[in-house]
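Single-structure report; data block below.
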Amino acid sequence: MSDITKDLNQIQRKAVLHTEGPLLLLSGAGSGKTRVITHRIAYIMEQGTPDYNILAITFTNKAAKEMKTRLESILNGPNSVWISTFHSLCARILRVHIDKLGYGSNFTIYDSTDSQRLLRECIRELNISEKVHSAKSAANKISNLKDGLMSPADYERIATDIKDKTFAKIYDHYQKALFKNNALDFDDIILKTLELFANNPRVLEIYQNRFRYIMVDEYQDTNIAQYTLINMLANLHKNLCVVGDDDQSIYGWRGANIRNILDFEKDFPGTKVIKLEQNYRSTEYILEAANCVIRNNIVRKDKSLWTQKPKGEKVIYVTNLNDIDEGSFVAKTIKDNYTTYSDVAVLYRKNSLSRVMEDHLVRNNVPYKVFGGVRFYDRKEIKDILAYLTVLHNPKDGVAMRRIVNVPKRGIGSVTVDKIAAFAFQSEISFFDALKNSSQLGLKTKKIDDFVSLIEHLLEFKGSISQLITEIIKKTDYEQELGDDPIEHEGRLENIQELINKATEFEESYEDKEQTPTLAAFLEEVSLVADIDTYDKDKGYVSLMTVHSAKGLEFPVVFLVGFEEGIFPGQQSYTNETQLEEERRLCYVAITRAIKVLYLTTAATRLQNGRTIHNMPSRFLREIPEELIENRTVKPIMPVKKGISKFAEIKKFTDEKVPKIIGRNYKPLLPPPKDVTLDFDVGDTVVQGKYGQGTVKEIYPAGKDYEVTIDFNGKIKKFMANFSKIEKV
DNA sequence: GAAAAGACCTTTTTT
DNA sequence: AGGTCTTTTC
């Protein structure tokens, strides 16, 4: 066999050959990380370890798929190495063992919308006002608690005030409701696996024995739960290789703990550390720009990427008058200069920025695809059909059942549904059982009985998944649900057809593997895929996505739009240095996606939530040295949207506010960063311009400024000292 | 029970 | 601005 490491550089080779014991691989952007992992797996196999003893964990299905493909090409054939995401790995384990926790192996996986629906019901059942705890905020909070391994009981213990105590009740009730529905939310998939392992050491042993070599990709994005899982699994053989880049840690808000990678050496004594710092992706100017930005972060492992590539083109900075001009500029530039559309990506900080881009790409006939935003599986018609499938698979699932009980309309209205739900809750039976016994409630049962017979008929149905979907649509007359608008109707119908195609594809892929394509596996696959997983290069379109989604991808030409204060970095990060550093890492990720050409664009004015906002160029722009940047100013091309005069827009600037957006003469980029001195302290009584007198609760440093929390007789408000008049009484 | 009108929120990022 | 969820009206 040929030497597996022959195409690798010295350092990459070292990483591949070091197979025993803990290994921390710090791999900078574009340093050939996937290459190292796949070669390392191949090497371990060559050394005599069977493929089923190797586990590689990624964060996205996309990364897993890519890794599988590349491994196959190295090995010249298929293999049974476990390469999967955290979530599908755990789901797979739970399908086999979850009965030990009292759940049925036909459990459903709730996405965030489903969880929120269930939470809303819980909050109502507990008679708590949704003004105090909204389903949405509760969902967020619960997810954060779960990421940090905090159970309802744990939270109850640390909750001090009434609001937190109430919240503990909601959390507890929600967890019980999930159990009743035989359902797990995203976080539970990991948590329940941990619980399983903790309570059943022998089950854990099976997997510890099995996975003699473990590799974890994007280690900087792991949260405490995932960290614990890895620890448990790797504890026996300790052949754990984690790969990551602290500079690309951008999921702090989801509980990712950057400490996991920064302290790996402490957690695993005897760790070998290898740094991959040669970048094979970007030309020098671009890479240097990225280095200069990330250098401003304090919390990071020191390193600097280098490249042998030529200097290339400078980073192109383009100012526009407004978002419409920006969109027009991007679309026209693509149209005129980059005929291979798949080479081009338009990246943005948040999904809402995609719309203007889309408008102009359409006008210029540039094919494009938006990733993220509304997921395919989040569309109403798709969720409806999937809810039918879910119910057939797990009849205990009340969330799915309630979703479809009157879809399409069959005369079972909200009043009836509420009665049934209350009945189910009181009698501690499932929603479906309550439906079956609805005669006890004195309701007119004809329509309900019809629905129950319908479900029972479908439960009896024998055939493939795609046939089942067709049967559901036929028997429920679902088409009437698609609306009168012919265009919309057609579009939704296409989506359903697409779902049927996916089911067929799924079935075929299973038959290739000589396995039975079960409904369980189909639903699981569907609930664990993100849009980006369907990303396919060379498809002839421009890719539009958030910077988060773009991680792990690369494009010859990148447009980073909306490179402005308030957007990137986002407003919400101003008050907190940690968050600002995460924004900077995000910026670093964005820049390092580019191979040859990078555009940074800004709009002085843009429409947001129906209002016009004025933004300064991003502070990160100033962190890139001038000599790496080429300025381009674009004359306004597009007429401003209907009714609004372009000149009226401009007039809104007060003299002081007009950003000098020509070239780099835009001096006051940020609100003047004068040093702030506070003449008050925590506990002092102060007067604030708008709210009047209050007591200072907290003072929190935020860059050169301070975030001051003030209690106005029970009303808690936060202010930035620099912007708000606060005076001691 | 369904359609129409109104309130409300959103936009930070997602497995 | 635009969509979703809630309340009102028929």
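The figures that follow rest on heavy atoms only: side chains count, while hydrogens, waters and symmetry mates do not. In the text below, chain A, chain B and the rest are named by the order of the sequence lines, each starting its count at 1.
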For every nucleotide of nucleotides 3-10 of chain C, 5' to 3': is a protein heavy atom under 4.0 Å from its base (B), only from its sugar-phosphate (S), or from neither (-)? ---S----
Could I get the full list of side-chain contact (heavy atoms from CB on, under 4.5 Å) partners for V526(A), not counting sequence neighbours? Y377(A), L386(A), F522(A)
Separation of I613(A) atom CD1 from dA1(C) atom P, in whole Å? 15 Å
Is there a donor N/O on one and an acceptor N/O on the other, under 3.5 Å, for the side chain of R349(A) and the base of dT13(B)? yes
Distance check needed: dT15(B) C1' versus F371(A) CZ, whole Å only. 17 Å
Kindly write out the residues that satisfy side-chain contact (heavy atoms from CB on, under 4.5 Å) with Q116(A), not counting sequence neighbours, or none if the list is empty. K136(A), A139(A)
In whole Å, I'd like the distance from the CG atom of N609(A) to the C1' atom of dT12(B). 13 Å
Ranking dT11(B), dG1(B), dT15(B) by distance to the side chain of Q608(A), first place goes to dT11(B)
Out of dT12(B), dT15(B), dT14(B), whichever nucleotide has its closest atom nearest the side chain of H87(A): dT15(B)
Going by the rule ring pair (Phe, Tyr, Trp, His ring centres under 6.0 Å), which residues pair with F559(A) if we only count those two or more places apart in sequence or in a different chain? Y599(A)
The side-chain contact (heavy atoms from CB on, under 4.5 Å) partners of K419(A) (sequence neighbours excluded) come to V415(A), L443(A)
Euclidean distance, atom CG of residue D418(A) to atom P of dG1(B) [Å, nearest integer]: 11 Å
Quick one: side-chain contact (heavy atoms from CB on, under 4.5 Å) partners of N144(A), sequence neighbours excluded? D147(A)
Among F107(A), Y207(A), Y103(A), the one residue meeting ring-ring contact (aromatic ring centres under 6.0 Å, His included) with H97(A): Y207(A)
Of the listed nucleotides (dT12(B), dT15(B), dA1(C)), which one gets closest to any side-chain atom of R254(A)? dT15(B)
Return the set of residues passing ring pair (Phe, Tyr, Trp, His ring centres under 6.0 Å) with F86(A) (not counting sequence neighbours), or none when no residue passes. F59(A)
Grab the NZ-C1' distance between K62(A) and dT15(B) for me, whole Å please. 15 Å
So, OP1 or OP2 of dT13(B): does either fall under 4.0 Å of a side-chain N or O from N351(A)? yes
Base dT13(B) paired with W253(A) side chain (donor-acceptor, <3.5 Å): yes
Positions of residues 186-193 of chain A (non-hydrogen atom under 4.0 Å from DNA chain B), listed by number: F186(A)
D359(A) CG to dG2(C) C1', in whole Å, measures 13 Å
Hunt down the Watson-Crick or G-U wobble partner of dT14(B), both distances under 3.5 Å, from any strand shown, or write none. none
Where do N or O atoms of nucleotides 2-7 of chain B meet protein N or O atoms at under 3.5 Å, pair by pair?
none

Can you tell me which nucleotide in dG1(B), dT15(B), dT11(B) comes closest to the side chain of T60(A)? dT15(B)
Tell me every residue that passes ring pair (Phe, Tyr, Trp, His ring centres under 6.0 Å) with F423(A), counting only those two or more places apart in sequence or in another chain. none
I need the full list of salt bridge (Lys or Arg N to Asp or Glu O under 4.0 Å) pairs touching residues 601-613 of chain A, with sequence neighbours left out, sorted by first then second residue. E326(A)-R606(A), E564(A)-R606(A)
Under the ring pair (Phe, Tyr, Trp, His ring centres under 6.0 Å) rule, collect the residues that match up with Y171(A), sequence neighbours excluded. none
Quick one: K551(A) NZ to dT15(B) P, roughly how many Å, whole number? 12 Å
Charged tip of R254(A) within 45° of Y251(A) ring normal and under 6.0 Å: yes
